[in-house]
Amino acid sequence: MEKMRLRFAPSPTGALHIGGVRTALYNYLLAKKHGGAFILRIEDTDQGRFVPGAEDYIKEALEWFGLAPDEGPGYGGAHGPYRQSERKALYHKYTAQLVENGRAYYAFDTPEELAAQREENPAFKYDAGARMRMKNSLTLAEEEVGRRIKEGEAHVVRLKVPTGETVSFRDQVRGQVSFDSYELDDKVLLKADGMPTYHMANVVDDYLMEITHVIRGEEWLSSTAHHVLLYQALGWEGQMPEFAHLPLILRPDGKGKLSKRDGARFGFPVFPLSWEGKTEEDSFTGMREFGFLPEAALNFLALLGWNPGTEQEIFSREELVAAFSVERINKSGTRFDIDKAKWFNQQYIIKADTDYLLERVRPVIAAHGYEPGDAFLKAFIELMRERAVTLDDFWENGYFFFEEPRAYDEKMVRKRWDPERKGLFDELAGQLHLVNNYTAGSIKAQTEAFIDERGLKFGDVLPILRLGVAGTMKGPAIFEMMELLGREEVDRRLRKAFVQFNELK
RNA sequence: GGCCCGUUCGUCUAGGGGUUAGGACGCAGGAUUUUCAUUCCUGAAACACGGGUUCGAUUCCCGUACGGGCUACCA
């Protein structure tokens, strides 16, 4: 069997959203499963929508997820160039061939004229029924056409869709899909600016790059009929790739496909990495910056529209490669569920290697101005990992490991603190300060002895220590926390807290 | 509007002519942890509707409804 070759072909029009990442992932998984190649192709044929930096963003995002392409701009490969803007000559060659064979034609109708047509008739389609009324090489005399082109008049090349045919193809996700050719319009193949449209470029490149399988979003399903027609017109039916159209990723409320705005609208990231747009409206927080682990995000994404047929939920990239199959891709649209994504992230944080987490938590803490040593940070991570859903939570829920509590949980202080007992607690603090060997075990033993001796209950003392040290009732085991913080720091915090508790009361 | 695609708990899904319709997230309750979280247990929660076909349909067929996509010299 020939080598499998799959491509991910985004257009550099801005940040790549999560649906695009999933498309890339599925392409990657299928390629790797069969020892094939995963190719990145940049579809930069729309000069009006080109956004500088978008290509780098796409590459960085893929690499963050561990989906580095085998071929692509900057990655090498024998089928380049991998930017469509650098392949213009190819598209010209094949469109010329199509015109010559009578499968395409030149059209001189201006955008304004077409707009006017649609104004008049909103259902207007430039198709077999309309083309003989338009200004093109089918209706104009040959000399006239030659003259216009020679004089540099703006023109496009359009596909001449045959009449009376049924165009059908087998989609690997949806099965047989058919269209009557009279439904199909004469798509523009080559634009007036000399760039190809997606339809032309995608067919030419997939053929030239020997792409065997096309996995893309469902938004392409309708135009696949045109692509099939193009393969036929070019004489490449035999080399036509397999198609698999993925269900769309829907907004959390199910109203339409997920779009750029939805991140801001629903308050969570729908992009892999943050993006600095020209305006605030055009800037987004990424999953990375939100505190997601790439492995977790990838795992979550893989299960959005595909399932292994088993009850396994947690998959490493390697396991995904092994388990993936196109047959198990779902047909229906899928909503982006941030709660599930967070759950995956939490699971990954709990199970991650400490050293791995160390490198990811360090910057989170450093962002707040603290650069503790590895030993401290590792101990901190072990204490906090079950309490963090995102990497940011290490700071949010554990900042008191680095600085004094910003505030005390007043409600709890009022509930647990008795001003009469300040002396008693000062005494306890004093005893703890003097404990030999400041470890969780000995601090605990000393506290227990104190409780016993004074006829107290754990509930009288532990919450007070916790509140004094962390300010909150939420957090890791109190004695472990105290050990990590150290004798002097704990003593300072406790003394200060008891004074403040009296003021609060 | 036209064409194409879809429809199992709130969400992601398994399943498939006869099942107590299974799992996961979330939610509720409980156990463990004298906090929180984790972990474990329990619970509520679904086959869009109408016709067929069939001894029997959630499952197959046809409609309807609903949802989505496309309908650009955007991808």
Side-chain angles (χ1 to χ4, degrees), chain A residues 9-13 20 43-49 84 107 109-111 114-115 118 122-126 154-158 171 173-175 177-180 182-185 187-199 201-202 216-225 245 247-248 250-252 254-257 300 303-314 328 330-344 346-347 350 383-389 393 397 409 412 416 457-463 465-467 470 472-478:
Chain A
S11 60
T13 53
E43 309 235 335
D44 55 348
T45 56
D46 186 347
Q47 300 182 318
R49 294 209 307 156
Q84 293 185 325
D109 317 272
T110 66
L114 293 174
R118 291 193 185 93
F124 171 78
K125 264 197 315 195
Y126 204 125
H155 64 280
V156 301
V157 175
R158 280 180 185 271
D171 182 88
V173 172
R174 281 147 224 286
V177 181
S178 310
F179 296 84
D180 283 321
Y182 71 78
E183 298 287 352
L184 275 24
D185 63 339
K187 284 258 183 280
V188 169
L189 265 20
L190 204 60
K191 299 184 270 189
D193 66 3
M195 282 289 196
T197 57
Y198 171 84
H199 310 292
N202 139 271
R216 76 224 308 189
E218 194 193 289
E219 67 265 34
W220 296 111
L221 190 59
S222 298
S223 54
T224 304
H245 288 91
L248 262 11
L250 272 19
R251 296 167 26 153
K255 300 248 174 273
K257 65 174 171 177
F300 164 71
L303 264 359
L304 227 49
W306 170 84
N307 78 83
T310 67
E311 288 184 355
Q312 185 177 352
E313 299 268 347
I314 305 290
R328 297 202 68 89
N330 286 102
K331 293 180 178 66
S332 46
T334 301
R335 293 185 207 193
F336 184 91
D337 178 6
I338 190 64
D339 285 328
K340 190 85 174 247
K342 285 179 175 173
W343 177 80
F344 273 108
Q346 184 177 33
Q347 294 299 310
I350 288 171
L383 255 19
M384 288 301 297
R385 69 197 305 162
E386 284 179 355
R387 280 161 263 262
V389 171
D393 287 344
N397 303 335
D409 181 338
M412 283 313 293
R416 299 289 187 176
K457 290 196 255 317
F458 271 76
D460 297 327
V461 176
L462 264 32
L465 292 180
R466 178 175 293 283
L467 252 9
T472 168
M473 288 304 289
K474 299 178 181 180
I478 177 66

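Naming: A, B, ... by sequence-line order, numbering from 1 per chain.
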List every contact pair, protein side and nucleotides 28-33 of chain B side both N or O, where the distance is under 3.5 Å.
none

Report task. Quick one: list whatever passes side chain to side chain contact (heavy atoms under 4.5 Å, CB included) with A107(A), sequence neighbours left out. Result -> Y105(A), D109(A), Y126(A), N136(A), V156(A), R158(A)
Report task. Determine the interatomic distance between P on rA57(B) and the same-named atom on rA72(B); round to the nearest Å. Result -> 45 Å
Query raised in the report: At under 4.0 Å between heavy atoms, what does P196(A) touch on the DNA or RNA strands: base, sugar-phosphate, or nothing?
Result: sugar-phosphate
Query raised in the report: Base, sugar-phosphate, or nothing: which does F179(A) touch, judged by heavy atoms less than 4.0 Å apart?
Result: sugar-phosphate
**Report entry** Partner residues of W220(A) under the ring-ring contact (aromatic ring centres under 6.0 Å, His included) criterion, sequence neighbours left out
**Finding:** Y198(A)
**Report entry** Contacts of N397(A) that satisfy side chain to side chain donor-acceptor pair (under 3.5 Å) - sequence neighbours left out
**Finding:** none
Report task. Assign A388(A) to base, sugar-phosphate, or nothing according to its heavy-atom contacts below 4.0 angstrom with the strands shown. Result -> nothing
Requested in this report: Indicate, with a heavy-atom threshold strictly under 4.0 Å, whether S222(A) touches base, sugar-phosphate, or nothing.
Outcome: base
**Report entry** Polar side-chain atom of D44(A) near backbone of P12(A) as donor-acceptor pair, under 3.5 Å
**Finding:** no
Query raised in the report: When rounded to the nearest Å, what value does the distance between C1' atoms of rC25(B) and rC9(B) take?
Result: 12 Å
Report task. Would you indicate which nucleotide in rG26(B), rU35(B), rC73(B) comes nearest to any side-chain atom of D339(A)? Result -> rG26(B)
Query - side-chain N/O Q346(A) vs rG26(B) OP1/OP2, d < 4.0 Å - result: no
Query raised in the report: What nucleotide, of rC25(B), rA14(B), rA75(B), holds the atom closest to the side chain of R328(A)?
Result: rA14(B)
**Report entry** With T334(A) via side chain to side chain donor-acceptor pair (under 3.5 Å) - residues at least two apart
**Finding:** none
Query raised in the report: If you look at every strand shown and take non-hydrogen atoms under 4.0 Å, does Q84(A) touch a base, only sugar-phosphate, or nothing?
Result: nothing
**Report entry** Inter-nucleotide P distance (rC5(B), rC62(B)), Å rounded
**Finding:** 12 Å
Query - Interatomic distance at C1', rC74(B) relative to rG69(B), whole Å - result: 15 Å
Query - Pairing nucleotide - rG1(B), Watson-Crick or G-U, each distance under 3.5 Å - result: rU71(B)
**Report entry** Sugar-phosphate only, base, or nothing, as touched by A192(A) at under 4.0 Å among non-hydrogen atoms
**Finding:** base
Report task. For rC60(B) and rG15(B), measure between their C1' atoms and round to the nearest Å. Result -> 16 Å
Query raised in the report: Residues two or more places apart in sequence or in another chain: which of them pass side chain to side chain contact (heavy atoms under 4.5 Å, CB included) with A477(A)?
Result: E480(A)
Query raised in the report: Got a sec, which residues hit ring-ring contact (aromatic ring centres under 6.0 Å, His included) with H155(A), two or more places apart in sequence or on another chain?
Result: Y106(A), F108(A)
Query raised in the report: What distance, rounded to whole Å, do you find between the two P atoms, one in rG26(B) and one in rC41(B)?
Result: 15 Å
Query raised in the report: Can you check whether R118(A) has a side-chain N or O nearer than 4.0 Å to OP1 or OP2 of rC73(B)?
Result: yes
Report task. Applying side chain to side chain donor-acceptor pair (under 3.5 Å), name anything that partners D409(A), two or more places apart in sequence or on another chain. Result -> none
Report task. Ignoring backbone atoms, test whether N307(A) places a side-chain nitrogen or oxygen under 4.0 Å from the OP1 or OP2 oxygen of rU13(B). Result -> no
Query raised in the report: When all nucleic acid strands are considered with a 4.0 Å heavy-atom cut-off, which category describes R158(A): base, sugar-phosphate, or nothing?
Result: sugar-phosphate
Query - Polar side-chain atom of T197(A) near backbone of V188(A) as donor-acceptor pair, under 3.5 Å - result: yes
Query - Any donor-acceptor N/O pair, R466(A) side chain to P476(A) backbone, under 3.5 Å - result: yes
Distances for protein N or O near nucleotides 59-64 of chain B N or O, under 3.5 Å:
none

Requested in this report: Ignoring the backbone of V188(A), work out which of rA75(B), rC73(B), rG22(B) is nearest its side chain.
Outcome: rC73(B)
Query raised in the report: F344(A): what forms a ring-ring contact (aromatic ring centres under 6.0 Å, His included) with it, not counting sequence neighbours?
Result: none
**Report entry** N-O pairing of D337(A) and K340(A) below 4.0 Å
**Finding:** no
Contacts under 3.5 Å, N or O only, protein and nucleotides 5-12 of chain B:
| unit_1 | atom_1 | unit_2 | atom_2 | d |
| --- | --- | --- | --- | --- |
| rC5(B) | O2' | R174(A) | NH1 | 2.4 |
| rC12(B) | OP1 | R335(A) | N | 3.0 |
| rC12(B) | O2' | L303(A) | O | 3.3 |

Query raised in the report: Which nucleotide, in any strand shown, forms a Watson-Crick or G-U wobble pair with rA48(B), with both distances under 3.5 Å?
Result: rU64(B)
Query - N/O (side chain, T45(A)) to phosphate O (OP1/OP2, rA75(B)) under 4.0 Å - result: yes
Report task. Take atom C1' in rA46(B) and the same atom in rG23(B), then report the distance between them in whole Å. Result -> 14 Å
Query raised in the report: Considering every strand shown, what is the Watson-Crick or G-U wobble mate of rA21(B) when both distances are under 3.5 Å?
Result: none
Query raised in the report: For P111(A), which contact category applies under a 4.0 Å heavy-atom criterion: base, sugar-phosphate, or nothing?
Result: base
Report task. Could you pull out all residues at least two apart from E219(A) that satisfy side chain to side chain donor-acceptor pair (under 3.5 Å)? Result -> none
Query raised in the report: Does any nucleotide pair with rU53(B) by Watson-Crick or G-U wobble geometry, both distances under 3.5 Å, and what is it?
Result: none
Query - N/O (side chain, K191(A)) to phosphate O (OP1/OP2, rA75(B)) under 4.0 Å - result: yes
Query raised in the report: Between R335(A) (side chain) and L250(A) (backbone), is there a donor-acceptor pair under 3.5 Å?
Result: no
Report task. Classify the nucleic acid contact of P476(A) as base, sugar-phosphate or nothing, counting any heavy atom under 4.0 Å across all strands shown. Result -> base
Report task. Between rU7(B) and rU13(B), how far apart are the P atoms? Round to whole Å, please. Result -> 10 Å
